[in-house]
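Whatever order the structure lists them in is the order used to number ligands and atoms, beginning at 1.
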Amino acid sequence: MLLTDPQIRQFQDLGYAFPLPVLEPGEVATLRDRLQTFEAGQGGRLKPEQRSKCHLLFKWVDDLIRDARILDAVEQLIGPDILCWNTIFWIKEAGSESFVSWHQDTRYWGLSSDKVVTAWLALSDAGINSGCMRVMPGTHAGDVLEHEDRYHQDNMLTRGQEISGGLDETKAVPMPLGAGEMSIHNYRLAHASGPNTSDDRRIGLSMHFMPPETKQIVGPWDCAALVRGQDDYGHFEATPVPSCDFDDAAVAFHAKAAEALRQVLYVDAEQNTQKV
Ligand SMILES: O=C(O)CCC(=O)C(=O)O
């Protein structure tokens, strides 16, 4: 799937593009079923430590980060050599108060590049009433804003980090998606999302792509999957490609990768809220 010229221009000027059709209805239903069968099998929802770097746990997520329908669009934005740094499930249960405060990911991920791109794929409908993402157009081109840690049990972010100076919410743009559609945004773009007042779960999978010249500048070690082209830099250890869901070698690697991620996300934090 290729972005049109106006979509590329909008991404460059405003920091985002949506909705981009990716999966057919039958494919979304199959993937949602695989997730929910797994959840039922372990007796409940995903555990916090299963949310991040989840391409190392679920083979079908690893397949998604290599899917040409996603990567063709990403390549148009960051070039032919592409690493996937992280994958995160964002699940808001039906009627849940879960929310995400206004934040810029640049502030917390320890990545040196301005070109990191988030692709957010909807595995259920993600409309306004289910708490779809909202973005603040153009903020990707400005400074990294001051954030405060405002720990809150319903905030899905590790520290409840929130941009401290008031943002003008009247300028926010909601990005509603149907199941199988995706949005793309620059990780410096300020974004947030509200509670899910619908009677269905809102299931999102974010995939974070970057060019290989990127460095991890907060943590001592990090890893990423080479999903297209080549990595001439070697700043990130290559993650193993799982051969099946919960492949032993990939699960062992996941434990190390998730711990390294926690060290970056919680660096200097007052609380470890165990949300990842
Ligand atoms: O799923 C959400 O509502 C927020 C996701 C998010 O913050 C992200 O993908 O960076």
Side-chain angles (χ1 to χ4, degrees), residues 11 15-20 22 32 35 45-46 48 51-55 61 64-65 70 73-74 77 84-111 113-136 139-140 144-145 147 149-150 152 154-163 167 169 172-179 181-198 200-210 261 264-265 273 275-276:
F11 180 87
Y16 63 95
F18 81 102
L20 311 168
V22 174
R32 181 171 178 165
L35 171 68
R45 302 172 196 163
L46 286 187
R51 283 184 60 213
S52 294
K53 302 265 183 187
C54 53
H55 58 285
V61 176
L64 283 173
I65 63 175
I70 296 170
V74 173
L77 304 175
C84 179
W85 174 65
N86 198 4
T87 46
I88 312 174
F89 278 113
W90 298 91
I91 303 180
K92 294 178 184 171
E93 299 302 330
S96 91
E97 296 292 324
S98 297
F99 73 99
V100 171
S101 47
W102 284 103
H103 68 287
Q104 292 167 299
D105 290 311
T106 338
R107 174 71 185 73
Y108 293 93
W109 290 354
L111 301 175
S113 175
D114 274 343
K115 283 171 123 189
V116 183
V117 158
T118 292
W120 196 101
L121 178 65
L123 296 179
S124 66
D125 286 338
I128 290 177
N129 63 341
S130 43
C132 66
M133 246 195 299
R134 291 182 295 146
V135 293
M136 208 53 86
T139 45
H140 69 301
V144 179
L145 300 166
H147 287 65
D149 292 348
R150 297 181 179 156
H152 188 291
D154 293 321
N155 195 330
M156 299 179 82
L157 300 180
T158 45
R159 332 153 155 232
Q161 57 265 38
E162 184 162 8
I163 292 170
L167 287 173
E169 295 230 13
V173 173
M175 298 203 292
L177 298 174
E181 291 179 336
M182 110 181 148
S183 58
I184 296 198
H185 69 267
N186 178 295
Y187 84 139
R188 190 189 281 245
L189 189 72
H191 56 288
S193 68
N196 178 5
T197 59
S198 81
D200 190 18
R201 313 176 85 190
R202 191 215 69 164
I203 307 174
L205 173 71
S206 64
M207 294 162 268
H208 307 281
F209 298 102
M210 60 192 185
L261 180 66
V264 169
L265 296 181
T273 53
K275 294 195 180 191
V276 289

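- For ligand 1 and S206, the ligand atoms under 4.0 Å from any heavy atom of the residue are 9 (O).
- Under the 4.0 Å criterion applied to side-chain N and carboxylate O atoms, D200 and R32 are assigned as salt-bridge partners.
- Taking the six-membered ring for Trp, W109 and Y187 have ring centres closer than 6.0 Å.
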Side chain to side chain contact (heavy atoms under 4.5 Å, CB included) assessment of D105 paired with H191
CA-CA 9 Å; D105 290 311; H191 56 288; 2.9 Å; yes
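- With a heavy-atom cut-off of 4.0 Å, H103 touches ligand 1 through its side chain alone.
- Comparing R134, K92, H191 by heavy-atom distance to atom 8 (C) of ligand 1, the nearest is H191.
- For the residue pair N196 and S198, a side-chain donor N or O sits within less than 3.5 Å of a side-chain acceptor on the partner.
- Both tests hold for R51 against W90: distance to the six-membered ring centre under 6.0 Å, angle to the ring axis within 45°.
- Residue-level proximity to ligand 1 for I88 is absent, since no heavy atom of it falls below 4.0 angstrom.
- Contacts with ligand 1 closer than 4.0 Å are made by no heavy atom of Y187, backbone or side chain.
- Atoms of ligand 1 found under 4.0 Å from any heavy atom of S193, numbered from 1 in the order shown, are 2 (C), 3 (O).
- Nearest to atom 1 (O) of ligand 1 among the protein's heavy atoms is R202 NH2, 2.7 Å.
- In this structure, H147 has its ring center at least 6.0 angstrom away from the ring center of W102.
- Residue-to-ligand polar distances place W120 within reach of ligand 1: an N/O pair is separated by less than 3.5 Å.
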